[in-house]
Amino acid sequence: MTMPPTLPKFRQQLILAVLMVCSLLIWLDNTVLSITLETLADPVRGLGASPAELQWATGAYTLVFATLMFTAGALGDSFGHRNVLAVGLVVFGAASIWAAYAGGAGQLIAARAAMGVGAALIMPANFAILLWTFTGPGRATAIAISSTSTGVGMAAGPVLAGVLLSHFWWGSVFLVNVPVVVLALAGIVLLVPNFRSPTVRPLDPAGILLSITGLAALTYGLIRAGQVDDWSRWDVWAPIAAGLVLLAAFVLVELNTRQPSFDPRLLAQRAFGGGNAAMALLLFSVAAVTFYNAFYLQGALGYSPMKAGLANVPTAVGAVVGAPLGARLVRRWSLRPVAVPALAVAAFAMGAVGFFDLDTPLLWIGALLLVQGLSVGMVLAPVTGALISSLPLEQSGAGSAVTNTARQAGSVIGIAVGGTLMSIAYRDAIEPSVSGVPAALQDSVRVSAEQARHVAATLDRPALAQTADHAFIHSLHVGAVWIMLIALAATAVLVFALRPAARPARPAQEPGDGSRSGNQPTPAGAEVKSH
């Protein structure tokens, strides 16, 4: 590969700052929405969105992000990574304006999907430009510095959303993306060369179509189950089955493609495949528990958006501290004894949400969220680095695509399944109290606790609002148990994936024969230290 000319150090630093702004934009958008969900569910202050619509508003972004990201790098190879990054920012900014002024939940879902397109173009190009700009030891330092934008976005997003929702309408949390996009575009045009790989990868339209339709059908079926509370209906099992068939076809197509954008063969490797499966299950659990907390803090506890945003800061602080702490401990003790216990702690911390109630002090909530963020940070960063490092250099790009796609898919399904579990448990708990509500309003009470509170205020029935709160708490407890079990399953998978590689038996050496010492070949997969 032809190496680009080395840029002046000051220009490299400016480019790194621009790339961090682009990455910050993605993480800000991921976190501000969690604080906005409760407002969007309100019929007066928001859109009166149902839980299923909010699942789609969250999941549509992640679904498109997951399924387009593994082919976006090929566009950068063909048209230049700077051009693709600029187009991604324009799409993201335009879709943010659309989301801000959406007239209904359907428009918001479509706008969020369009934002996912922009994000999918931004992330691979962002990372490619970083790798082309920096070489040698400076590359590792630049990657480490760039990763801090994740923690900054996670910490700043909830607080920013709280400030905006306290003073403006809900659309402001999307509109705030626009000036950030303008700033990033200016930096890209003025500073970033149009790096382009000399080896052009082919696009993968069949893979894109099959992965999007497969994940969309599977997600629709899972969310539909929560709406109708009946897994046996054809409009539940049929899309789930169709989604699984389409995803299986996607894998087959990629296996028979000479240069696949998403290489399923990598998942056949025990350490790489098992590690990615464990991380997908972890992201499944994180997405679900984040979805729950959004409604618990503002809905059940009645926190203002600002207070709810501040309550989420410990999660981000824990993640920021956990990532470097985990990396340091791995260097000292190796990966397995650090990542496995941390993942188990994360699972039990998510299960401890089942002890939350209507009078749980904020101090306890913050402490638990801190433990969650810390333990997840100690797992994700070291495992990601070890998995990518376990592959040959020529497979690192394909490995990164597989890793990112698996995790985003885990998040999509986590939101769908987590929201469905909550909807079913809530409906079962609220049903005995629905009979006393006027027939025209009974369906609203069944849909969600947010709409039930609105009905209670309209009818001046505070007892109905209290019943809805208790029904929600019941659904929170049920969901927390299931999410804990999924995270514990992720722990078991990680134990298997990081199992030490068997070393071949060596014949006994004759005394004084040192011909074999120091010359033993390294076993395959030994790069992932897991003892």
Side-chain angles (χ1 to χ4, degrees), residues 1-7 11-12 14-23 25-26 61 64-96 113-135 139 142-143 146 177-178 180-212 253-254 257-263 393-405 408:
M1 178 180 293
T2 303
M3 299 304 296
T6 302
L7 300 174
R11 187 176 178 184
Q12 289 181 335
L14 291 177
I15 291 175
L16 178 60
V18 172
L19 297 179
M20 290 181 68
V21 170
C22 297
S23 180
L25 181 70
I26 303 299
Y61 172 87
V64 175
F65 192 3
T67 52
L68 290 185
M69 186 166 48
F70 68 86
T71 57
L75 292 174
D77 292 341
S78 300
F79 303 104
H81 295 293
R82 182 190 66 183
N83 292 342
V84 172
L85 179 57
V87 171
L89 285 168
V90 171
V91 171
F92 195 91
S96 296
M115 292 174 71
V117 174
L121 296 173
I122 290 171
M123 290 303 287
N126 191 300
F127 189 66
I129 291 171
L130 183 67
L131 295 181
W132 281 89
T133 302
F134 295 90
T135 58
R139 176 179 291 174
I143 292 174
S146 177
N177 293 333
V178 177
V180 182
V181 166
V182 172
L183 176 64
L185 277 173
I188 289 168
V189 171
L190 295 175
L191 296 168
V192 179
N194 193 28
F195 297 121
R196 187 188 311 232
S197 173
T199 304
V200 177
R201 287 182 289 161
L203 299 180
D204 188 10
I208 294 174
L209 181 61
L210 288 171
S211 58
I212 288 181
V253 167
E254 296 302 297
T257 300
R258 179 172 297 180
Q259 291 182 296
S261 299
F262 179 99
D263 191 352
L393 183 61
E394 63 270 15
Q395 290 185 312
S396 59
S400 177
V402 171
T403 295
N404 287 319
T405 302
Q408 294 297 329

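Because the structure is predicted, anything quoted here is derived from the model rather than measured.
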Worksheet item: With respect to V87, which candidate in V90, L85, V91, N83 satisfies the side-chain contact (heavy atoms from CB on, under 4.5 Å) definition?
Response: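 In the set V90, L85, V91, N83, the residue that makes a side-chain contact (heavy atoms from CB on, under 4.5 Å) with V87 is V91.
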Item to complete: With the side chain counted from C-beta on, respond yes when L121 and L68 share a heavy-atom pair under 4.5 Å apart, and no when they do not.
Response: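 In short, these two side chains do not touch, never coming nearer than 4.5 Å.
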Fill in: Beyond-backbone contact of F65 with I26, side-chain heavy atoms, under 4.5 angstrom
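With C-beta onward as the side chain, the pair touches.
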Shortest non-hydrogen separation from [X] to [Y] and the atoms involved:
| X | Y | result |
| --- | --- | --- |
| V64 | G116 | CG1-C, 3.8 Å |
| V178 | G93 | CG2-O, 4.1 Å |
| A119 | Y61 | CB-OH, 3.4 Å |
| S96 | N177 | OG-ND2, 3.1 Å |
| V84 | A125 | CG1-CB, 4.3 Å |
| T257 | V253 | OG1-O, 2.7 Å |

So, using side-chain contact (heavy atoms from CB on, under 4.5 Å) as the criterion, who are the partners of [X] when residues are at least two apart?
| X | result |
| --- | --- |
| A184 | V21, C22, L89 |
| A114 | A95, W98 |
| I15 | L7, R11, L19, I129, T133, L191, V192, P193 |

